[in-house]
Number of protein chains: 2
Amino acid sequence: MTTASTASTGATRWLTDEEQRVWRAYLHATTLLEDHLDRQLQRDAGMPHIYYGLLVQLSQAPRRRMRMTELARNVKITRSRLSHAIARLEKNGWVRREECPSDKRGQNAVLTDDGYAMLGRSAPGHVDAVRQALFDRLTPEQVRSLGDIMRVLASGLEPEGTDADLPWLR
Amino acid sequence: MTTASTASTGATRWLTDEEQRVWRAYLHATTLLEDHLDRQLQRDAGMPHIYYGLLVQLSQAPRRRMRMTELARNVKITRSRLSHAIARLEKNGWVRREECPSDKRGQNAVLTDDGYAMLGRSAPGHVDAVRQALFDRLTPEQVRSLGDIMRVLASGLEPEGTDADLPWLR
DNA sequence: GACCTTTTCTTGAAAGTTTAACTAGATAGG
DNA sequence: CCTATCTAGTTAAACTTTCAAGAAAAGGTC
């Protein structure tokens with residue numbers, strides 16, 4: 001019941017010319033931007049974009065720590081992927097695992113001082129990169145519009161909404 | 001010279017509140033959509049989104065064949081990644097390699113009949129998924145606006161443009 | 001032609017991701 | 001309590017991507 005819309009009627013509503021152009025532009029731009037930021041962070045911070053996102057999340061959490069599952073949910077990755085990622089960040093000394101007092105199954109990922117420092121060092125460059133690629137190129141209306149559009153898309157794909165899918169991802 | 005903008009002055013222009021919200025929404029929506037389509041295609045066509053994109057490109061090329069480098073450029077991936085991907089698709093019987101007559105270094109990736117057939121089978125479902133996630137949720141103005149915005153972003157990240165980077169990617 | 005550089009594509013290993021199975025602790029019902 | 005079920009997180013194996021290196025043909029240049 002995830003796909004079916006024309007699947008039931010048999011008639012496929014293909015994309016119009018404009019839709020095709022927009023879709024291609026979307027794919028094109030989003031992959032270029034992701035590649036760009038991934039390379040920027042790999043070069044300046046020694047990690048892929050998503051790992052950086054994990055550190056940012058932790059840096060904003062109450063005591064710079066967060067339960068594994070919550071962290072995974074916030075960044076939209078599976079728990080498995082998070083396990084591997086945290087293992088790697090732990091090797092770098094930027095994150096540390098800590099048992100959860102209230103739930104013995106649980107683990108907290110904790111941002112270390114080293115991790116915090118490295119974030120402070122690389123954040124300016126990263127913000128710069130985002131600004132140059134995105135905000136400095138769009139008009140204020142476009143920025144507002146982009147926000148609206150992205151919120152619509154996200155709400156439609158959120159596990160909640162109309163057709164509740166699995167737990168929260170997969 | 002890729003990053004530096006405040007790097008030279010020392011003053012970081014952080015993101016405003018609205019910019020932060022927009023950026024988060026962007027990351028959120030784009031990762032959800034990519035995950036969604038990846039899963040849809042993995043389920044219905046047995047391959048990740050980017051592999052599907054390769055087949056689509058080939059299906060639209062003159063004699064359903066294309067030089068490796070051109071294919072890689074069109075889909076925005078490295079030649080190395082393409083080599084591995086084509087090897088996998090070859091194992092599936094959907095693509096076949098063919099030597100290039102005019103340039104003995106060259107290879108053409110050719111979409112097989114099996115590949116073409118499989119594309120015909122999975123295209124409707126994929127178009128449906130894109131439509132449901134994107135076009136059915138946006139107003140016509142939003143679609144137009146999204147196209148404009150994405151074209152601006154892409155043009156700024158294209159290896160050409162103002163600050164010519166490396167060959168075309170990396 | 002000999003020499004040097006560039007272009008095309010492949011390869012192998014390391015890094016990252018996915019999938020499915022699995023351990024251990026929490027929870028609910030009887 | 002005891003058992004069934006659920007939840008948190010990890011792990012192994014298969015697969016994909018990246019990175020660095022390299023083989024082979026093409027293009028100058030003298």
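Residue numbering restarts at 1 for every chain, and letters A, B, ... go by the order of the sequence lines.
- Both B/Y116 and B/W94 are part of a single hydrophobic cluster, where members link through side-chain heavy atoms under 4.5 Å apart.
- Applying the 3.5 Å distance criterion, the base of D/dG9 shares no donor-acceptor pair with the side chain of A/H84.
- Taking atom CD of A/Q42 as the reference point, atom P of D/dT18 lies 10 Å away to the nearest angstrom.
- Listed pair A/R79 / D/dT11 fails the phosphate criterion, with no side-chain N or O lying under 4.0 Å from OP1 or OP2.
- At a cut-off of 3.5 angstrom, counting only N and O atoms as typed in the model, there is no donor on one side facing an acceptor on the other between the side-chain of B/T69 and the base of C/dT7.
- Interatomic distance, SG of A/C100 versus CD of A/Q107, reported as 9.0 Å (0.5 Å rounding).
- Going from atom CZ of B/R81 over to atom P of C/dT10 covers 16 Å, rounded to whole Å.
- Distance CG (B/L54) to P (D/dT16): 12 Å, rounded to an integer number of Å.
- Contact check for A/H28 versus B/R151: no side-chain heavy atoms found under the 4.5 Å cut-off.
- Between B/Y51 and D/dC15 there is no side-chain polar atom (N or O) within less than 4.0 angstrom of OP1 or OP2.
- A salt bridge does not link A/D128 to A/R131: none of the charged side-chain nitrogens sits closer than 4.0 Å to a carboxylate oxygen.
- For A/I77 and C/dT19, the CD1 to C1' distance is 15 Å, given to the nearest whole Å.
- A close approach under 4.0 Å does not occur between any side-chain nitrogen or oxygen of B/R67 and OP1 or OP2 of C/dT8.
- Put simply, CZ on B/R88 is 18 Å from P on C/dT17, counting in whole angstrom units.
- Heavy-atom nearest nucleotides on DNA chain D were determined for B/K104 and for A/D38, and the one closer to the 5' end corresponds to A/D38.
- Heavy atoms of B/I50 sit under 4.0 angstrom from primed sugar atoms or phosphate atoms, though from no base atom.
- With hydrogens and angles ignored, no donor-acceptor pair closer than 3.5 Å exists between the side chain of A/T78 and the base of C/dT19.
- Note that CG of A/L146 and CD1 of B/I149 are 5.0 Å apart. Values are rounded to the nearest 0.5 Å.
- Contact annotation: B/R105 does not reach the phosphate of C/dT10 (side-chain N/O to OP1 or OP2, under 4.0 Å).
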